[in-house]
Amino acid sequence: MLFRAHTLEAIARGDVDLAFRRWTRPTVKTGSRLRTAIGSLIIGEVSLAAPEKITADEAKRAGFADVAALERDLRQGNGAIYRIAIAGVDVDERIALREEALSQADLAGLADRLTRWDKAAAQPGYHRKILQVIADHPEMAAADLAARLGVEKLKFKRDVRKLKEVGLTISLDIGYRLSPRGRSFLGALT
């Protein structure tokens, strides 16, 4: 489930607390979370919506001027229309994780995880190399970093996302940099 930047800004201000989507099956569930640029959206109730029963107030709460504007937006796609309540916005837990000090147990756990990922990729030391190339070349474009490691850009980006999930990297407009946690971890490895 994607949101346009202006809609995310309206959610952050508290102006938008609903969304409507046309889906063959929902991509979010009641009680789930959705990571976005403004934080982790807490998904409230997800329910089927009868188009003729959507009110002007609901359209405004979804960020549209009126029901007609919402209907125009929903013309694309297949499936039923779903009403998604946005119950709130929470801090993206990865942001706090980036700043956390590493205990010995954290170091061991992360080292084990990287070893498992390397084994699955059939490339010993691969994820450590990703961390090192990012440390050596912060803000370098993903394509250039991938080329330095001899891997496809999409694979590289997917692998960096795994490192981001455990708080080791930070995505920038162009490229990446290591988080404080990532620098500590890499330092402990070397």
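Computed from a prediction, not measured in an experiment: that's the story for all the values here.
- With hydrogens and angles ignored, the 3.5 Å screen pairs no side-chain donor or acceptor of Ser32 with any backbone N or O of Val28.
- In terms of the salt bridge (charged side-chain N to carboxylate O under 4.0 Å, His left out) criterion, Arg161 has no residue partners (sequence neighbours excluded).
- Of the possible donor and acceptor atoms, none in the side chain of Asp90 sits under 3.5 Å from a partner among the backbone N and O of Ile42.
- Counting heavy atoms from C-beta outward, Ile81 and Leu48 have side chains that stay 4.5 Å or more apart.
- Residue Lys129 places its NZ atom among 12 or fewer non-hydrogen atoms of other residues, nucleotides or ligands, all under 6.0 Å distant.
- Salt bridge status for Arg83 with Glu58: present, with a side-chain N to carboxylate O gap under 4.0 Å.
- Aromatic ring pairs are classed by plane angle as parallel below 30°, tilted from 30° to 60° and perpendicular above 60°; the pair Trp23 and Tyr82 is tilted.
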task: Under the salt bridge (Lys or Arg N to Asp or Glu O under 4.0 Å) rule, what do Asp118 and Arg113 come out as? Steps first, then yes or no, please.
output: CA-CA 9 Å; Asp118 291 347; Arg113 185 175 292 203; over 6 Å; no
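- Ionic pairing of Asp159 and Lys155 is present here: one or more N-O contacts between side-chain nitrogen and carboxylate oxygen are shorter than 4.0 angstrom.
- Checking each of Leu114, Leu145, Leu163 against Ile130 for a side-chain contact (heavy atoms from CB on, under 4.5 Å) leaves exactly one that passes, namely Leu163.
- Looking only at distances, no side-chain donor or acceptor of Arg177 sits under 3.5 Å from a matching main-chain atom of Pro138.
- Between the Ser179 side chain and the Gly167 main chain, a donor and an acceptor come within less than 3.5 Å of each other.
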message: Applying side chain to side chain contact (heavy atoms under 4.5 Å, CB included) to Lys157 and Tyr176, what does each step give before you reach the verdict?
response: CA-CA 10 Å; Lys157 290 178 84 162; Tyr176 311 92; 3.5 Å; yes
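- Of all heavy-atom pairs spanning Glu71 and Pro51, the tightest one is OE2-O, 4.4 Å.
- Although no hydrogens or angles enter the test, the distance criterion places a donor-acceptor pair under 3.5 Å between the side chain of Lys60 and the main chain of Ala65.
- Side-chain atoms of Asp106 come within 3.5 Å of backbone N or O of Ser103 as a donor-acceptor pair.
- Taken from CG in Leu70 to CZ in Phe20, the straight-line distance is 6.0 Å, to the nearest 0.5 Å.
- Contact between Phe156 and Ala142 at its shortest, heavy atoms only, is CD2-O, 3.8 Å.
- When all heavy atoms of Ala135 and Leu178 are compared, the pair lying nearest together is CB-CD1, 3.5 Å.
- For Arg61, the side-chain hydrogen bond (donor to acceptor under 3.5 Å, both in side chains) test picks out Asp17, with sequence neighbours left out.
- Panel note: side chain Ser184, backbone Pro180; a donor-acceptor pair is recorded below 3.5 Å.
- Judged by distance alone, with hydrogens and angles left aside, the side-chain atoms of Thr30 form a donor-acceptor pair with the main-chain N or O of Val46 at under 3.5 Å.
- In terms of the salt bridge (charged side-chain N to carboxylate O under 4.0 Å, His left out) criterion, Arg21 has no residue partners (sequence neighbours excluded).
- Taking each heavy atom of Arg98 and Thr169 in turn, the nearest pair found is NE-O, 4.1 Å.
- Between Arg181 and Val166 the shortest heavy-atom distance is NE-O, 3.1 Å.
- Salt bridge Glu165/Arg35: present, at least one basic N to carboxylate O contact under 4.0 Å.
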